[in-house]
Number of protein chains: 2
Amino acid sequence: MAGRPRSFDRGTALAAAVEQFWRTGYEGTSISALVRAMGITPPSLYAAFGDKAQLFGEVAEVYAARTLEGVDQACALPTVREAVARMLDDTARVHTDPGTPLGCLLLTEPRLDGQRDAVRRRLVDRIERGIADGDVPADVDAGALASFLVAVMRGMSGAARDGASAEEVHAVARTALAAVPAPPAPPAPPAP
Amino acid sequence: MAGRPRSFDRGTALAAAVEQFWRTGYEGTSISALVRAMGITPPSLYAAFGDKAQLFGEVAEVYAARTLEGVDQACALPTVREAVARMLDDTARVHTDPGTPLGCLLLTEPRLDGQRDAVRRRLVDRIERGIADGDVPADVDAGALASFLVAVMRGMSGAARDGASAEEVHAVARTALAAVPAPPAPPAPPAP
DNA sequence: CAACATCCGTAGTGATCGCTACAGAAAGAG
DNA sequence: CTCTTTCTGTAGCGATCACTACGGATGTTG
């Protein structure tokens, strides 16, 4: 029933494919570049992963899981402002990490608009919770703020790919935070 | 000394090339797609424009001139806040104009980072003038604010290409405006 | 008019694209 | 061991890539 086992580690090869697609995007990545990066031959790639589109689907799944985990960790912080600050800071750091390709696959790849919307939905939910919690003014448009944050992060990805330094990208993050409304005054604190 | 004149209008063909590159980017645009859009044959294209890269250079020149004209018009407004508001509003409108390709060629094409820096420099200059004029607080980091604005506009381009409505993209623009610091209090106005 | 310069379309260059037919190698099942 | 099953690499499929050689068409110039 069983035949010859595959001679490479599927997970390792997939990780190499993630890196390659991350660096050069879907259209910019050729099968020959993939097999070189993955250390396998074309028939092995097609046997193990289907075709280029299916392989990219698995790559996107891995990448999105990693990204959404970071988003969720940030969203777990007690206030929207803290969550957004953490998320923007993470974004700036990851996008300029010299150990990985610059920028973000999820934010830049045209065909991953569904994954981008998943991020946006999480942000909308978190902001609405912030409104309910009282740490965000009730007149804030959660959808607009979430779209804005996705736009800024996408812009940070582009800046990183243009060669902006980590400090420049962090400066964008800090500036964007000013667009997150300050919490409405809670019970007046004692004067200093 | 003169031979057969060319049978097509160079400017019209260039405009068609602008639209094609705008829609599908440099790498995503093939010569066959270009000649189809321009209504000419490959030898005519190569005779009139050199090669693909040179044609794209002319396309970028045309596109950047148009874009920078809009930027300069916005920058001519009396305050940084008005200039930024105008620029973001223009951006939202142009990026979602159903009469042209979605998004922005200048902001999305990887090889146009030089043109993006030209936009950024104009923004830095305008913000520094705003600081000198007193309509922007002196502690504002002009470079960071300019990078932020470029990032937001790039994000708006991506959102438009993802299919966001004109209203959604405009909402991003309005939200981003909140990151532009309010002018420092001028001579105290009479109480209402 | 003839001579010349330039452009036109056809047709095809070698290279690379995504993908696969094929035959041999390497494992478990009997 | 043999048989079966699956993976392996080589080698090559048709399509498309950017680009061009070539010969005929179409102008201006003398």
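Labels below follow one simple rule: chain letters A, B, ... track the order of the sequence lines, proteins then strands, and each chain is numbered from 1.
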d(CE, B:Met38; P, C:dC8) in whole Å
11 Å
Could you state the atom-to-atom distance from CZ of B:Arg10 to C1' of C:dT6 in whole Å?
15 Å
CA sep, side-chain torsions, deciding dist, call: A:Met87, A:Leu123, side chain to side chain contact (heavy atoms under 4.5 Å, CB included):
CA-CA 10 Å; A:Met87 198 175 310; A:Leu123 286 170; 3.5 Å; yes
One thing to verify: whether A:Glu109 and A:Arg116 come together as a salt bridge, which I'm taking to mean a side-chain N less than 4.0 angstrom from a carboxylate O.
no
OP1, OP2 of C:dC17 versus side-chain N and O of A:Ser32: anything below 4.0 Å?
yes
Look at B:Ser44 and C:dG9 and indicate whether a side-chain polar atom (N or O) is within less than 4.0 Å of OP1 or OP2.
yes
Let's see if you can work this out: which of D:dT10, C:dC8, C:dT10 has an atom nearest to the side-chain heavy atoms of B:Phe8?
C:dC8
Is the count of non-hydrogen atoms from other residues, nucleotides or ligands lying under 6.0 Å from B:Arg81 atom CZ greater than 12?
yes
Measure up the A:Phe21 and A:Tyr26 rings against each other and bin them: parallel (under 30°), tilted (30 to 60°), perpendicular (over 60°).
parallel
Phosphate OP1/OP2 of C:dT20: any A:Tyr46 side-chain N/O under 4.0 Å:
no
Round to the nearest Å and state the distance from B:Phe49 atom CZ to C:dC7 atom P.
12 Å
Output the rounded distance in Å from CD (B:Gln54) to P (D:dT20).
11 Å
Rounded to the nearest Å, what distance is computed from the CZ atom of residue B:Arg6 to the C1' atom of nucleotide D:dT26?
15 Å
Could you state the atom-to-atom distance from CD of B:Glu27 to C1' of C:dT16 in whole Å?
13 Å
D:dG9, D:dA18, C:dG18: which one has an atom nearest the side-chain heavy atoms of A:Lys52?
C:dG18
Phosphate-side-chain proximity, A:Ser30 and C:dT16, N/O vs OP1/OP2 below 4.0 Å
no
Distance-only donor-acceptor test (3.5 Å): side chain B:Arg4, base D:dA25:
yes
The nucleotide from C:dC8, D:dC17, C:dG9 with an atom nearest the side chain of B:Thr41 is C:dG9
Atom CD1 of B:Ile31 to atom C1' of C:dA11: distance rounded to whole Å?
17 Å
Among the nucleotides C:dC7, D:dG27, C:dT20, whichever has the atom closest to the side chain of B:Pro5 is D:dG27
Mapping B:Gly50 and A:Leu45 onto DNA chain D by nearest heavy atom, which one lands closer to the 5' end?
A:Leu45
Are the charged groups of B:Arg121 and B:Asp125 less than 4.0 angstrom apart, N to O?
no
Mind checking A:Pro42 for me? I need base, sugar-phosphate or nothing, with any heavy atom below 4.0 Å counting as a touch.
base
Nearest-Å distance, CD1 (A:Ile40) to P (D:dG9)?
9 Å
